[in-house]
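For reference, the structure discussed in these notes is given below.
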Amino acid sequence: MKALKKLGIVLLSIIVVISLFFLVVNLIPAPKVESTPFTKTTHTLISAHRGGAELNPENTEMAFDHVILETAYCDAVEIDVKLTKEGRIVIVHDDTINAYALDSDAEPVSIIEHTYDELSQYNLGYNFYDREGNRPYQNLTLLEAKDLGLTIMTLDDFLDKYMEAREFLFYLEIKEKGDASIELSKKIIEMLNQEKYRWWKERTMLISISDVAIDYIANNAPDFYTGAVGYKIAGSIATSLFMVDAFFKPNFHCVQTALTNSIGPITIDCSTKRFIKSAHKHNQSVCYWGVNDVNAMKRLVENGADAIT
């Protein structure tokens, strides 16, 4: 009986100590980053993934015209950029243009191994299927493709064309990795620091799955907004799970995540109120990508998500 009593006292003491620890930790203010325009105000923001990839050929001028100029239901657009052979920044997601412009048995046409002029000779709507299962742009001539905005677009052309568009937010994803992601980051920073693009700079979130790119921007251009994807958000996930917000000091402004993330065999739900609240304690916005389920969208809106891509 005495042994059980002692055990009970020990367990109770442990519980009290743990409870006090979490009480004290949650009273300590969480380190904050600068607030951004990407935190929702009146409603959860809607961002067009790759310019609205299922409505029009992704990452093309046709797609951007639709979501930026012709509709009113999107608050932001998300695009992907890579470097060409001569170092120009072009808007494209994959390492090659094959998935968009060529038959499945064609030789790879790599972005980094070709110049912008060479890449401009392809119709990026060639493999696009509309919602009826048709390929409406398959048989276009190159001139017709250019007239419809279906050839590869440079980032500066995008910035110039939509400069006078309505107030719009911009998720700009750096698709290179390693040293190439730093090179691309430098070029983007240099471009957006031009006076004529200041309108864009104030509304642009630079995102990347490359940790080194995000760290480079945070250390060398701290006046830019950054969003992290992949392993970089591990700290955000752990902070939320263990409720230790005071110990996490982020160097990025936006958590970019799917509904769930996996660590080995463990799957973690990142769509909870707790996860979003934890990010908000740090002034970070939370943007969910690849969400195409109505019920999931409703849950995210109810839980306080800042944006859905």
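As the structure is a prediction and not an experimental result, all values here were calculated from the model.
- Of all non-hydrogen atoms in Cys287 and Cys254, the two that sit nearest each other are CB-SG, 4.0 Å.
- Considering OG1 of Thr36 and CE of Met205, their distance stands at 4.0 Å, rounded to 0.5 Å.
- Side-chain heavy atoms closer than 4.5 Å link hydrophobic residues (I, L, V, M, F, W, Y) into clusters, and following such links, possibly through other members, connects Val255 to Val244.
- Residues Ser181 and Ser210 have side chains that bring a donor and an acceptor to within less than 3.5 angstrom of each other.
- Closest non-hydrogen pair, Leu150 versus Pro57, comes out as CD2-CG, 3.6 Å.
- Looking at residues two or more places apart in sequence or on another chain, you find no side chain to side chain donor-acceptor pair (under 3.5 Å) involving Tyr122.
- The nearest pair of heavy atoms linking Ala221 to Ile189 is CB-CD1, 3.6 Å.
- In this structure, the separation between CG on Leu124 and OG1 on Thr151 is 7.0 Å, given to the nearest 0.5 Å.
- A donor-acceptor contact shorter than 3.5 Å links the side chain of Asn98 to the backbone of Val109.
- Within a 6.0 Å sphere centred on CD of Glu86, other residues, nucleotides and ligands contribute more than 12 heavy atoms.
- Looking at Arg274, its side chain does come within 3.5 Å of a backbone N or O of Ser240 through a donor-acceptor pair.
- For Asp157, the side chain to side chain donor-acceptor pair (under 3.5 Å) criterion is met by Thr154, not counting sequence neighbours.
- Between Leu83 and Glu183 the shortest heavy-atom distance is CD1-CD, 3.8 Å.
- Under 3.5 Å, the side chains of Tyr197 and Asp156 contain no donor-acceptor pair of N or O atoms.
- Within the 4.5 Å cutoff, no side-chain heavy atoms of Tyr129 are placed close to those of Asn134.
- Partners of Lys249 under the salt bridge (charged side-chain N to carboxylate O under 4.0 Å, His left out) rule, at least two apart in sequence or in another chain, do not exist in this structure.
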Does the side chain to side chain contact (heavy atoms under 4.5 Å, CB included) test come out yes or no for Phe275 and Val286, once each step is laid out? CA-CA 9 Å; Phe275 184 85; Val286 186; 4.1 Å; yes

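- Within a 6.0 Å sphere centred on NZ of Lys40, heavy atoms belonging to other residues, nucleotides or ligands number more than 12.
- A side-chain donor-acceptor contact under 3.5 Å links Ser208 to the backbone of Ile174.
- Residues Val291 and Val77 do not share a hydrophobic cluster, clusters being chains of Ile/Leu/Val/Met/Phe/Trp/Tyr side chains in contact below 4.5 Å.
- Residues in residues 51-72 take part in these side chain to side chain donor-acceptor pair (under 3.5 Å) pairs, two or more places apart or across chains: Arg50-Glu58, Glu58-Tyr100, Asn59-Asp80, Glu61-Lys161, Asp65-Lys161, Asp65-Tyr162, His66-Glu70, His66-Tyr73.
- One finds a salt bridge joining Lys232 and Asp215 here, because a Lys/Arg side-chain nitrogen approaches an Asp/Glu carboxylate oxygen to under 4.0 Å.
- To the nearest 0.5 Å, atom CG of residue Leu45 and atom OG1 of residue Thr39 are 8.5 Å apart.
- Ile217 has its side chain within reach of Leu206: a pair of non-hydrogen atoms, C-beta onward, lies under 4.5 Å apart.
- In this structure, OG in Ser47 is found 10.5 Å from CD1 in Ile308, a value given to the nearest 0.5 Å.
- Between the side chain of Asn123 and the main chain of Gly125, a donor-acceptor pair closer than 3.5 Å is present.
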List the steps, then state whether side chain to side chain contact (heavy atoms under 4.5 Å, CB included) holds for Met191 with Ile89. CA-CA 10 Å; Met191 184 179 291; Ile89 306 174; 4.1 Å; yes

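- Within the structure, the salt bridge (Lys or Arg N to Asp or Glu O under 4.0 Å) test picks out the following pairs touching residues 186-205 (sequence neighbours left out): Asp160-Lys196, Glu167-Arg203, Glu195-Arg198, Lys201-Asp223.
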One pair to check against side chain to side chain contact (heavy atoms under 4.5 Å, CB included): Lys85 and Ile112. What are the steps and the verdict? CA-CA 5 Å; Lys85 184 177 182 179; Ile112 195 61; 6.0 Å; no

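- The shortest distance between side-chain heavy atoms of Phe158 and Phe64 falls below 4.5 Å.
- Annotation: side chain of Ser278 is not in contact with side chain of Phe248 (no heavy-atom distance under 4.5 Å).
- Other residues, nucleotides and ligands place no more than 12 heavy atoms under 6.0 Å from the CG atom of Asp179.
- Heavy atoms of other residues, nucleotides or ligands lying less than 6.0 angstrom from CH2 of Trp199 number more than 12.
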Is there a side chain to side chain contact (heavy atoms under 4.5 Å, CB included) between Asp211 and Tyr231 once you walk through the steps? CA-CA 8 Å; Asp211 292 1; Tyr231 291 114; 4.3 Å; yes

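- Side-chain atoms of Thr260 and Asp269 include no donor-acceptor pair closer than 3.5 Å.
- Across Gly178 and Val212, no two heavy atoms sit closer than the pair O-CG2, 3.6 Å.
- With rounding to the nearest 0.5 Å, the separation of CG in Asn261 from OG in Ser236 is 10.0 Å.
- The list of salt bridge (Lys or Arg N to Asp or Glu O under 4.0 Å) pairs with a residue in residues 109-136, not counting sequence neighbours, is empty.
- Annotation: side chain of Ile207 is not in contact with side chain of Phe252 (no heavy-atom distance under 4.5 Å).
- A salt bridge between Lys146 and Glu144 is absent, with no side-chain N of the basic residue lying under 4.0 Å from a carboxylate O of the acidic one.
- Not one N or O on the side chain of Gln256 forms a donor-acceptor pair closer than 3.5 Å with the backbone of Trp289.
- Heavy-atom minimum distance, Ser285 versus Asp306: CA-OD2, 3.2 Å.
- When the options Val90, Leu192, Leu172, Leu184 are evaluated for a side chain to side chain contact (heavy atoms under 4.5 Å, CB included) with Leu155, the one that passes is Leu172.
- Proximity of Asn251 to Val33: side-chain heavy atoms (C-beta onward) are nowhere separated by under 4.5 Å.
- Note on Tyr126 and Leu55: separate hydrophobic clusters, where clusters join Ile, Leu, Val, Met, Phe, Trp and Tyr whose side-chain heavy atoms are under 4.5 Å apart, directly or indirectly.
- Distance alone, capped at 3.5 Å, is enough to place a donor-acceptor pair between the Asn303 side chain and the Ser271 backbone.
- Side-chain atoms of Asp293 come within 3.5 Å of backbone N or O of Ala296 as a donor-acceptor pair.
- Under the 30°/60° scheme for interplanar angles, the aromatic rings of His253 and Tyr225 are found to stand perpendicular.
- Grouping the Ile, Leu, Val, Met, Phe, Trp and Tyr side chains by contacts below 4.5 angstrom, directly or via other members, places Ile233 with Phe247.
- A continuous path of hydrophobic side-chain contacts links Val81 to Ile68 [ILVMFWY only; heavy atoms under 4.5 Å].
- The structure places CD of Glu173 at 6.0 Å from NE2 of His93, a figure rounded to the nearest 0.5 Å.
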